[in-house]
Protein chains: 2
Amino acid sequence: MQSQTPSPATPRSENTSSAHDKVYRGLRTRIMHGELPPAHALTLRGIGREFEVSMTPAREAVQRLVAEGALFMSSSGRVATPELSNERIEELAALRALLEVELSSRALPRAHMALIERLQTINGTIAEAIAHKDAVAYIRTNLEFHRTLYLRAQAPAMLAMCETVWLQLGPTMRALYGRLQRTELPQFHRAIVAALRAGDEPGLRLAVRSDVTAGLKLLAS
Amino acid sequence: MQSQTPSPATPRSENTSSAHDKVYRGLRTRIMHGELPPAHALTLRGIGREFEVSMTPAREAVQRLVAEGALFMSSSGRVATPELSNERIEELAALRALLEVELSSRALPRAHMALIERLQTINGTIAEAIAHKDAVAYIRTNLEFHRTLYLRAQAPAMLAMCETVWLQLGPTMRALYGRLQRTELPQFHRAIVAALRAGDEPGLRLAVRSDVTAGLKLLAS
DNA sequence: CATGGGTATTTGTGATCACAAATGAAGCGA
DNA sequence: TCGCTTCATTTGTGATCACAAATACCCATG
């Protein structure tokens with residue numbers, strides 16, 4: 001299918017990972033960064049054509065994303081990005097608050113100066129994305145800000161769960177920030193950096209909770 | 001492979017779900033209930049033989065379980081139940097505490113008498129499992145106790161994450177309770193029921209946190 | 001112009017196959 | 001006896017195919 005070589009089991013040169021993993025990562029970042037709108041349908045053959053693989057790896061990648069809640073599968077097997085109900089959005093926001101407050105709290109004692117400066121650099125990039133009205137770049141750099149901080153918590157399982165929540169919210173965040181068109185850079189990110197610099201744990205917890213909850217509150221349609 | 005019918009795409013009679021889902025659910029409950037020890041290896045052909053399907057659905061089920069952390073995949077693609085490090089166990093215990101305290105707190109205002117009685121009945125079943133020294137039955141009914149309570153929280157995404165954590169801890173819990181051989185029924189379950197009955201939210205949160213943390217603390221090998 | 005039925009196409013599912021890499025065992029030599 | 005090499009077997013990977021069901025399309029009829 002991919003070109004004209006009917007050879008099964010492509011030799012997989014040196015360190016390149018498996019085909020289904022390539023497809024999985026590609027789709028995952030696209031969904032998490034909000035490059036796909038809610039209720040966007042996908043087909044296995046279409047995915048295979050795009051990533052130049054057959055249906056088998058495409059199916060595995062899709063299956064995995066469905067298991068993580070990044071895609072929704074209808075009873076007939078068709079897959080699409082989810083359209084979240086309001087209750088679901090509120091629940092996921094509560095999960096973000098729960099997990100990210102804990103992660104930031106664990107990262108606080110390990111946060112040294114280099115990290116804080118990196119966070120401020122990312123904040124600058126976020127401001128650029130806002131200026132260019134680039135929703136995808138905004139979402140991507142915003143998540144990068146949070147992930148950079150949480151990586152210091154040294155809690156991989158907790159961070160993985162957090163990213164799963166981000167993944168589920170990806171298309172919804174696109175819809176949100178696409179219609180929001182904000183012009184100022186996020187105020188709570190400044191508060192997070194300030195609390196980190198001051199070693200103020202209650203302030204950090206409050207700032208993170210506010211930042212996470214603020215955006216999603218605007219979805220009470 | 002399954003018998004002698006070479007027909008592809010088995011017609012899938014009425015309401016029976018797909019083959020890969022049957023395999024997934026079968027393996028998932030086995031892992032979550034602690035029927036498999038840590039580092040237990042599995043092969044795709046073996047799974048297919050056991051569930052009477054071909055390798056394709058077996059691969060999808062395994063892929064999904066790997067994504068959820070229920071199985072570990074080596075660089076060569078071999079899969080086995082995970083052997084968790086102490087840090088990982090502590091982190092998962094912290095996650096359980098975080099999520100389950102929140103879930104119980106949300107379930108509290110909706111907990112009426114019938115629920116409390118059901119929880120007490122389950123506690124009786126747990127006592128039986130302990131008396132029979134049946135580790136698998138103990139784990140299964142213990143999880144049933146928690147799930148019955150958390151279902152009242154009306155928070156499906158949170159409960160799903162919680163079950164994912166249980167899944168990752170499945171083989172480890174088997175190893176724990178297999179060597180523990182406890183004789184008394186869990187004291188904290190009584191405290192949970194009492195706090196529910198009294199409508200005591202701080203007490204409930206403390207009891208749940210203690211119950212979740214107590215068992216896993218014994219793994220500081 | 002709307003609507004219904006019937007056909008054609010698309011799409012997911014699962015079995016099978018060929019291949020490569022990894023694993024395990026046997027054999028040989030020091 | 002131990003270590004290394006070599007070969008056979010096991011195992012995962014991905015492509016392809018046949019089939020069924022769902023969807024889309026089209027034309028005829030009111």
Side-chain angles (χ1 to χ4, degrees), chain A residues 1-27 36 39-67 70-82, chain B residues 1-27 36 39-67 70-82:
Chain A
M1 178 67 71
Q2 49 176 351
S3 54
Q4 67 273 18
T5 52
S7 71
T10 315
R12 185 150 106 240
S13 62
E14 55 238 29
N15 56 3
T16 70
S17 64
S18 53
H20 75 260
D21 209 58
K22 186 177 57 173
V23 177
Y24 168 74
R25 274 201 296 271
L27 286 177
L36 298 178
H40 181 86
L42 294 172
T43 66
L44 295 184
R45 287 172 175 87
I47 294 169
R49 208 176 311 123
E50 180 171 359
F51 288 89
E52 296 182 330
V53 296
S54 81
M55 290 171 57
T56 312
R59 260 178 76 191
E60 291 193 28
V62 162
Q63 199 62 242
R64 189 164 164 180
L65 289 164
V66 168
L71 292 174
F72 172 76
M73 176 172 286
S74 79
S75 62
S76 69
R78 314 301 242 266
V79 290
T81 53
Chain B
M1 180 63 72
Q2 48 176 350
S3 56
Q4 68 272 19
T5 51
S7 70
T10 314
R12 187 150 104 239
S13 63
E14 54 239 29
N15 57 3
T16 70
S17 64
S18 52
H20 74 260
D21 209 59
K22 185 177 57 174
V23 177
Y24 167 75
R25 276 201 296 271
L27 286 177
L36 299 178
H40 181 86
L42 293 172
T43 65
L44 294 183
R45 287 173 174 86
I47 294 169
R49 209 177 310 124
E50 180 172 358
F51 288 89
E52 296 182 330
V53 296
S54 80
M55 290 171 57
T56 312
R59 261 178 77 191
E60 293 194 27
V62 162
Q63 200 62 243
R64 189 164 164 179
L65 289 164
V66 168
L71 292 174
F72 172 76
M73 176 172 286
S74 78
S75 61
S76 68
R78 312 301 241 269
V79 291
T81 53

Which residues within residues 40-48 of chain A lie with some heavy atom under 4.0 Å of an atom in DNA chain C?
-> A:L42, A:T43, A:L44, A:R45

Does B:H20 have a side-chain nitrogen or oxygen under 4.0 Å from the phosphate oxygens OP1 or OP2 of C:dT13?
-> no

Rounded to whole Å, OH of B:Y24 lies from P of C:dT13 at a distance of 16 Å

In whole angstrom, give the distance that lies between atom CD of B:E60 and atom P of C:dG12.
-> 12 Å

Check for a donor-acceptor pair, side chain of A:T81 on one end and backbone N or O of A:A39 on the other, with a separation under 3.5 Å.
-> yes

CZ on A:R49 to CG on A:L44, rounded to 0.5 Å = 11.0 Å

Atom CZ of A:R78 and atom P of C:dT10 are separated, to the nearest Å, by 12 Å

Pairwise side-chain contact, A:L42 with A:V62, heavy-atom cut-off 4.5 Å (strictly under) = no

For the residue pair A:P82 and A:A70, what are the closest heavy atoms and their distance?
-> CD-O, 3.3 Å

Taking all atoms of both residues into account, what is the closest heavy-atom pair of B:A58 and B:I47, and its distance?
-> CB-CG2, 3.9 Å

Which nucleotide sits closest to the side chain of B:T56: D:dT13, C:dT16, C:dT13?
-> C:dT16

Can you sort out the partners of A:R64 under side chain to side chain contact (heavy atoms under 4.5 Å, CB included), two or more places apart, ordered by chain and number?
-> A:D21, A:Y24, A:E68, B:Q63, B:A67

CE of B:M55 to CD of B:E60: how many Å apart, nearest 0.5 Å?
-> 12.0 Å

Side chain A:S76 and base D:dA21 donor-acceptor under 3.5 Å | no

C:dA15 phosphate, OP1 or OP2: any side-chain N/O from B:S54 under 4.0 angstrom?
-> yes

Taking atom P of C:dT13 as reference, at what distance in whole Å does atom CG of B:D21 sit?
-> 10 Å

Under 4.0 Å between any heavy atoms, over every strand shown, what does B:R59 touch: base, sugar-phosphate, or nothing? Just pick one.
-> base

Starting from the 5' end of DNA chain D, give me the residue, A:S74 or B:M55, whose nearest nucleotide shows up first.
-> B:M55

Can you tell me the distance, in whole Å, between the CZ atom of A:R49 and the P atom of C:dT10?
-> 10 Å

